[in-house]
Amino acid sequence: MNFTDQIGHTVTIQSPPKRIVSLVPSQTELLAYLGLDKEVAGITKFCVHPEKWFRTKTRVSGTKNVNFNKIEEINPDLIICNKEENTEDDVKALMEKYPVWTSDIHNLEDALSMISSIGEITHRIEETKNLILRIRNNFKELGTNKPKPIRVIYLIWKKPYMAAGKDTFINNMLSQCNFINVCDASLGRYPELTEEQIQSLNPQLILLSSEPYPFAEKHLDEFKLKHPDALPVLVDGEYFSWYGSRLVYAPAYFKKVIKNCIKV
């Protein structure tokens, strides 16, 4: 059958596929949620959920620098990629030999569209319909309990500091919490920032993500000292950046983050 992915490519896929390789951690977790244990043959070293798959499935690569020999051993009838997480060169090379379906996620609606497409491809249509309904309901409930707008910066890296800018999925999740991203579009999608720039952006909250850089408790005092007018808060990056089945639990987590920050 022919399917169109989120970057506009038409892909011919044996439906349902029997040997799936997922190169995207959040989409690997989605495949597990849909009960595709037998069908998923390969994952990345960053596909840490579910833990059983992380321990037992063949790891073909990171999200970048794909091991083509391991993929060839699997001979997949579907490879699931993402425009941002995987390199263009890797995706093009894989497309020459295998059916490759690529997602492109910037917001909640993109994520729900991806979930629906994966359900259609894998013959898990009812399961994905129910999942999408749960996600929509949970985000709708979150929307009824938003705080006043709070100016935030969401840091994903240290040395140099890097933030999530506009036109990112993280930014869309921030907006779901009524958090206003102080990194405007002119700075780019993932800008590098100096201490002085962070200060000049004047955030009320500095959100320190657990991934890809593992910000931890030891960094809180550092930010309190350097930015006394802002509240530094550690956040679980998976809830802000994973766009598969984890979305069903994200609103409940966001409520906790908002509650911790409400004094701002």
Side-chain angles (χ1 to χ4, degrees), residues 3-14 17 19-34 36 39-50 53-54 57-122 156-157 162 164-165 167-173 188-190 209-213 237-238 240-247:
F3 298 90
T4 302
D5 66 14
Q6 291 186 306
I7 59 174
H9 289 148
T10 299
V11 189
T12 301
I13 302 171
Q14 173 187 307
R19 299 179 309 281
I20 302 172
V21 168
S22 174
L23 301 181
V24 188
S26 59
Q27 291 171 186
T28 297
E29 186 177 41
L30 170 64
L31 297 173
Y33 181 93
L34 297 177
L36 294 162
E39 291 83 355
V40 174
I43 61 175
T44 78
K45 64 182 180 181
F46 300 117
C47 294
V48 295
H49 301 298
W53 282 22
F54 180 68
K57 296 287 185 185
T58 298
R59 300 181 200 172
V60 300
S61 66
T63 52
K64 299 169 175 63
N65 302 316
V66 171
N67 187 322
F68 291 90
N69 290 332
K70 286 190 175 182
I71 290 181
E72 187 173 0
E73 290 173 4
I74 294 172
N75 189 28
D77 52 10
L78 173 63
I79 300 176
I80 300 175
C81 295
N82 175 264
K83 182 179 178 180
E84 179 173 274
E85 294 200 44
N86 308 123
T87 69
E88 184 177 3
D89 287 345
D90 280 351
V91 172
K92 285 182 176 179
L94 291 168
M95 287 174 63
E96 292 178 1
K97 298 187 68 174
Y98 310 104
V100 177
W101 193 94
T102 304
S103 63
D104 186 18
I105 313 289
H106 296 259
N107 53 53
L108 181 60
E109 289 305 314
D110 289 341
L112 297 182
S113 176
M114 176 274 293
I115 291 171
S116 178
S117 293
I118 295 298
E120 185 178 357
I121 292 168
T122 61
I156 61 171
W157 201 256
M162 292 180 66
D167 194 31
T168 61
F169 183 74
I170 292 172
N171 180 73
N172 188 253
M173 292 298 100
R189 298 185 71 229
Y190 296 102
S209 180
S210 61
E211 62 171 40
Y213 185 87
E238 291 178 356
F240 281 93
S241 62
W242 285 40
Y243 36 75
S245 51
R246 186 160 294 256
L247 282 170

Open item on the list: Let me confirm one number: the OH-CD1 distance from Tyr190 to Ile170, rounded to the nearest 0.5 Å.
Closed with: 5.0 Å

For [Y], is there any backbone N or O sitting under 3.5 Å from a side-chain donor or acceptor partner on [X]?
| X | Y | answer |
| --- | --- | --- |
| Asp90 | Asn65 | yes |
| Arg189 | Thr168 | no |
| Ser116 | Leu112 | no |
| Arg59 | Phe54 | yes |
| Lys83 | Ile7 | no |
| Gln27 | Ile80 | no |
| Ser61 | Thr44 | no |
| Asn67 | Val60 | no |

TODO: Determine whether Glu85 and Phe46 make a side-chain contact, defined as any pair of heavy atoms from C-beta on separated by less than 4.5 Å.
DONE: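 Not touching, per the 4.5 Å side-chain cut-off.
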
Open item on the list: Looking at Lys64, I want to see if its NZ is surrounded by more than 12 non-hydrogen atoms of other residues, nucleotides or ligands under 6.0 Å.
Closed with: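 Yes.
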
- [ ] Decide if atom CD of Glu88 counts as having more than 12 heavy atoms of other residues, nucleotides or ligands within a radius under 6.0 Å.
- [x]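 Atom CD in Glu88 is not crowded, with 12 or fewer foreign heavy atoms closer than 6.0 Å.
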
TODO: Report the C-alpha separation of Asn172 and His106 in whole Å, then their side-chain angles, then the decisive distance to 0.1 Å, and conclude whether the side-chain hydrogen bond (donor to acceptor under 3.5 Å, both in side chains) test is met.
DONE: CA-CA 7 Å; Asn172 188 253; His106 296 259; over 6 Å; no

- [ ] Determine, step by step, whether Ser103 and Asn82 satisfy the side-chain hydrogen bond (donor to acceptor under 3.5 Å, both in side chains) criterion, reporting the C-alpha distance in whole Å, the side-chain angles of both residues, the deciding distance to 0.1 Å, and the verdict.
- [x] CA-CA 5 Å; Ser103 63; Asn82 175 264; 2.9 Å; yes

